[in-house]
Amino acid sequence: DAKTTQPNSMESNEEEPVHLPCNHSTISGTDYIHWYRQLPSQGPEYVIHGLTSNVNNRMASLAIAEDRKSSTLILHRATLRDAAVYYCILNTGNQFYFGTGTSLTVIP
Amino acid sequence: EADIYQTPRYLVIGTGKKITLECSQTMGHDKMYWYQQDPGMELHLIHYSYGVNSTEKGDLSSESTVSRIRTEHFPLTLESARPSHTSQYLCASSELGNRGKEKLFFGSGTQLSVL
């Protein structure tokens, strides 16, 4: 069974914020939450990760629920180059467990 | 900037052939991984390595084998390719140590088609 569940697809208008949700109800106390994105014909690339606290970097923000059973990746202003499949991943220490991902479409 | 390279990018081969997919990284990372990805599906871990002479099987059963003789090189071999092996194969690496800072760096992948 997948350790993370995400909606299959989402749409956003260009220049607007996007909130990509992820559920990870079986997360353990030491698992890190990672987000990667994959553009067509490329390998996934790192976006952001965190353990308990919310995180910000130049690409995005990560909001982690207090019980850590869900998280949300926030793209503050979607651009056409943000169209990709976004994966929510648990890093258990030995392995990175990928979900099925959310395909984000950005509408001009 | 990630420096991890996979060759070939695309490979079409007949059933029964032996193939080796190459993966090299120049970042000095100890951990390396092979993932398999079918179209529209999640990535499944098939092999990983903690360093030289270390190889482990992932969650997804695979008929492939790997070797890690040098830190920078982690080739994947299929002794006898079959149509069921048709898939995209992604290589990745990460630094071993502080889990709080561990990130995966991926190559561009090898798209394998077995006829």
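In what follows, every chain begins at residue 1, and chains take the letters A, B, ... in the order their sequences are listed.
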From A:F98 atom CZ to B:L104 atom CG, the distance as rounded to the nearest 0.5 Å: 5.5 Å
Is there a continuous path of hydrophobic side-chain contacts, each under 4.5 Å between heavy atoms, that joins A:V106 to A:M10? yes
In terms of heavy-atom contacts, does CZ of A:R77 have more than 12 from other residues, nucleotides or ligands at under 6.0 Å? no
Hydrophobic clusters here meaning ILVMFWY residues chained together by side-chain heavy-atom distances under 4.5 Å, can you tell me if A:Y32 and A:L90 are in one? no
Given that the side chain runs from C-beta out, which part of B:Q37 has a heavy atom under 4.5 Å from chain A: side chain, backbone, both or neither? side chain
A:L80 atom CG, over 12 foreign heavy atoms within 6.0 Å: yes
Non-hydrogen atoms of chain A under 4.5 Å away: do they reach the side chain of B:E56, the backbone, both or neither? neither
Under a single-linkage definition using a 4.5 Å side-chain heavy-atom cutoff for Ile, Leu, Val, Met, Phe, Trp and Tyr, are A:L75 and A:I89 assigned to the same hydrophobic cluster? no
Do A:Y97 and B:Y35 share a hydrophobic cluster, counting only Ile, Leu, Val, Met, Phe, Trp and Tyr and linking them when any side-chain heavy atoms are less than 4.5 Å apart? no
Per-residue contact mode, B:L43 against chain A (heavy atom under 4.5 angstrom): both
Need one label for A:F96: side chain, backbone, both or neither, based on atoms under 4.5 Å from any heavy atom in chain B. both
B:E95, CD atom: more than 12 neighbouring heavy atoms under 6.0 Å: no
Could you list the residues that satisfy ring pair (Phe, Tyr, Trp, His ring centres under 6.0 Å) with B:H85, not counting sequence neighbours? none
Sort by residue number and list every member of residues 35-64 of chain A having a non-hydrogen atom under 4.5 Å from chain B. A:Y36, A:Q38, A:S41, A:Q42, A:G43, A:P44, A:Y46, A:H49
Should A:V85 and A:L104 be counted in the same cluster of Ile, Leu, Val, Met, Phe, Trp and Tyr side chains packed under 4.5 Å apart? no
Search all heavy atoms of B:Y48 against all heavy atoms of A:Q95 and return the closest pair with its distance. CE2-NE2, 4.1 Å
